[in-house]
Amino acid sequence: MNHALVAPETQDNPPWYARDSDGSILYSGVPDRLAGHPELARRGIVLDYALKPGVVFESLAKDEGPGDRGFVVKVLDLEDEELEIYERLLSRLDSPQNHTIPCEIVRNGHPMLIMPMLSRMDLVIRRWCKSFGDLADTFYQLVEGVTFLHKHHIVHMDLCFGNVGAALTSPASYHAALQLGRIYIYDFNTSRQFTHGPNSQPAITLPETQTPPPNDLTHFDPYSWDVYCLGVLLNESMDLYAERKPSPPWLLRWYARWLIGNERGCRAVCRCRPTAQTALRVMSVIRWAVYALERCSTVYQTISSALSRAP
C-alpha cells in the first residue's frame, strides 16, 4: 500500500484510522470507536485488524469449531450508493437468483455492515472446484448473480477475485443464512443504480476498478462493463484451475472470450458482448453439456475397467 496516498478522515464517513500514541496511523489497527462499539460488543465481536485500512475490519475465527470463519465489519461511506443498494438487495434474499452476501446493516451511530468472512473466488477455484462440473456450476452461479443485479438496474462495476467468494466449510450457527459452496457477491462501494436497464443505458465514465479497461478506455456501458469483468474473471479462474488440474474444456474458454468480446469503444449502448441475461441462458446449456460429458466419461471408464477385468 502506498502510505503517501492516504484518504482524508471526516468525522463520520470512512476512513476511520487507528492511531498510535504519537498520532501516526496504524494501518492494520482497529480504531477505538469501533473497538468499543456497543453493537459489536452486544454480539461478542472483537475486531482484530484492518483488511482495508480505515474501512473494512476482520474478527478472526475463535474456538467455535471448523465452520467459524469470523466476521467482517465495513464502515459505509454515505457519499456512495452502497447502503441503498444493500437495503434493496437484502430485502430480496428469498430469491434463489440473488447472490448478495447475507449481512446485517447496523444503524446505531454511523451505518456499517456486519458480514460473515468468506473465502475469495481464487480460493474457491483452488479448493472447491474438483471437476469441470464444479467449475461450470461456479460460473453459472456468478453469472446468475450478476443477471439478478442487472434485472434490478444495479451494476456492480468492480467484479474481481476480491469481491466474490463462498463459504467452503459448514457455516457456524450465527452464519446460518450462508449456504455451503454458494457463490456470493459483495463490496458495492463503486456500484451504481440506473433508471435504464441493459440494452438502453449509454456509456458512463468508469470509476477506479481492479480490472483494467481494454484499450485504456475511460467510458463504458456499465452493464456491458460488468459482463466484460465477468469474462476476465472466468478466464483468470480457468488459468488457476489449470495450474493443478487438466485444462478446462474449450467450450468454457470460448464462453469467457465471448463475454470479453471485441471492444469497439461504444459511447452509446454497447453491442460488443452479450447481456448478462443472454450469457446466463448460454451458460445454462454449457453447464448441462459439461455435466453430460463428465457423466459419459465416468460411464466409459467404468465399462473399460469392467472389461479389462473380464476373463
Side-chain angles (χ1 to χ4, degrees), residues 1 48-52 56 58-61 64-72 99-103 115-146 156 158-172 175 177-187 209-212 226-260 279-280 283-284 286-291 293-295 297-298 301:
M1 176 178 180
D48 295 286
Y49 67 95
L51 285 173
K52 180 179 180 182
V56 183
E58 181 180 358
S59 170
L60 296 176
E64 302 295 331
D68 184 358
R69 288 283 298 158
F71 291 92
V72 172
H99 287 261
T100 306
I101 184 173
C103 58
M115 304 176 280
M117 185 62 164
L118 300 179
S119 296
R120 285 169 34 121
M121 180 70 170
D122 48 341
L123 293 178
V124 174
I125 298 300
R126 286 191 170 107
R127 298 179 182 177
W128 182 262
C129 294
K130 307 296 186 183
S131 66
F132 296 151
D134 291 341
L135 200 61
D137 183 65
T138 297
F139 290 177
Y140 178 87
Q141 290 190 59
L142 185 52
V143 179
E144 181 180 57
V146 174
H156 189 278
D158 199 18
L159 292 164
C160 60
F161 280 139
N163 293 337
V164 179
L168 301 186
T169 55
S170 298
H175 294 332
L178 287 180
Q179 298 178 36
L180 185 65
R182 181 172 173 83
I183 298 297
Y184 293 104
I185 300 172
Y186 43 89
D187 278 359
T209 62
Q210 297 186 61
T211 301
D226 266 5
V227 176
Y228 173 83
C229 292
L230 267 179
V232 172
L233 180 56
L234 301 191
N235 218 25
E236 291 176 347
S237 296
M238 285 185 281
D239 289 341
L240 281 179
Y241 183 90
E243 287 178 1
R244 299 184 180 184
K245 300 178 182 69
S247 182
W250 67 268
L251 197 54
L252 290 176
R253 287 288 189 185
W254 168 85
Y255 182 78
R257 291 195 299 269
W258 181 52
L259 299 191
I260 292 172
L280 182 63
M283 190 64 230
S284 178
I286 291 176
R287 182 175 64 162
W288 175 86
V290 170
Y291 284 158
L293 287 172
E294 286 195 328
R295 184 68 176 172
S297 177
T298 300
Q301 291 175 8

Stepwise, does the side-chain contact (heavy atoms from CB on, under 4.5 Å) test hold for Ile101 with Asp187?
-> CA-CA 9 Å; Ile101 184 173; Asp187 278 359; over 6 Å; no
Would Val143 and Arg287 satisfy side-chain contact (heavy atoms from CB on, under 4.5 Å), going step by step from the backbone distance to the final call?
-> CA-CA 12 Å; Val143 179; Arg287 182 175 64 162; over 6 Å; no
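Counting heavy atoms from C-beta on, the side chains of Leu159 and Thr211 never come closer than 4.5 Å. Side-chain contact between Leu118 and Val72 is absent, with no heavy atoms from C-beta onward closer than 4.5 Å. Using a 4.5 Å heavy-atom cutoff, the side chains of Phe161 and Leu240 are in contact. When side chains are defined from C-beta on, Glu236 does not count as touching Met121, because their heavy atoms never get closer than 4.5 Å. Within the 4.5 Å cutoff, no side-chain heavy atoms of Leu293 are placed close to those of Pro249. A 4.5 Å side-chain heavy-atom check between Thr100 and Tyr186 finds every atom pair outside the cut-off.
The backbone N or O of His156 lies less than 3.5 Å from a partner atom in the side chain of Asp226, making a donor-acceptor pair. A donor-acceptor pair under 3.5 Å is formed between the side chain of Glu294 and the backbone N or O of Phe132. One N or O on the side chain of Ser237 and one on the backbone of Leu233 form a donor-acceptor pair closer than 3.5 Å.
Between the CD atom of Glu144 and the OG atom of Ser284 there is a distance of 9.5 Å, given to the nearest 0.5 Å. Distance check, rounded to the nearest 0.5 Å: CD of Glu58 to CE of Met115 gives 10.5 Å. Between atom CZ of residue Arg244 and atom CZ of residue Arg127 there is a gap of 9.0 Å, rounded to the nearest 0.5 Å. If you take CD1 on Ile260 and SG on Cys229, they are separated by 10.0 Å, rounding to the nearest 0.5 Å. With rounding to the nearest 0.5 Å, the separation of CH2 in Trp258 from CG in Leu234 is 12.0 Å.
Side-chain contact check for Arg253 and Asn235: at least one donor-acceptor pair (N or O, by modelled atom type) lies under 3.5 Å.
Nearest heavy atoms, Gln141 versus Gly181: NE2-O, 3.6 Å. Contact record, Phe139 with Ile125: CE2-CD1, 4.5 Å, taken as the closest heavy-atom pair. In this structure, Tyr140 and Met283 approach most closely via the heavy-atom pair CA-CG, 3.7 Å. Here the shortest heavy-atom pairing between Gln210 and Asp158 reads N-OD1, 2.9 Å. The heavy-atom pair separating Tyr255 from Ile286 by the smallest distance is CD1-CD1, 3.5 Å. When all heavy atoms of Cys129 and Lys245 are compared, the closest pair comes out as O-CE, 3.3 Å.
Counting heavy-atom neighbours within 6.0 Å of Trp288 CH2, excluding the residue itself, gives a total of 12 or less.
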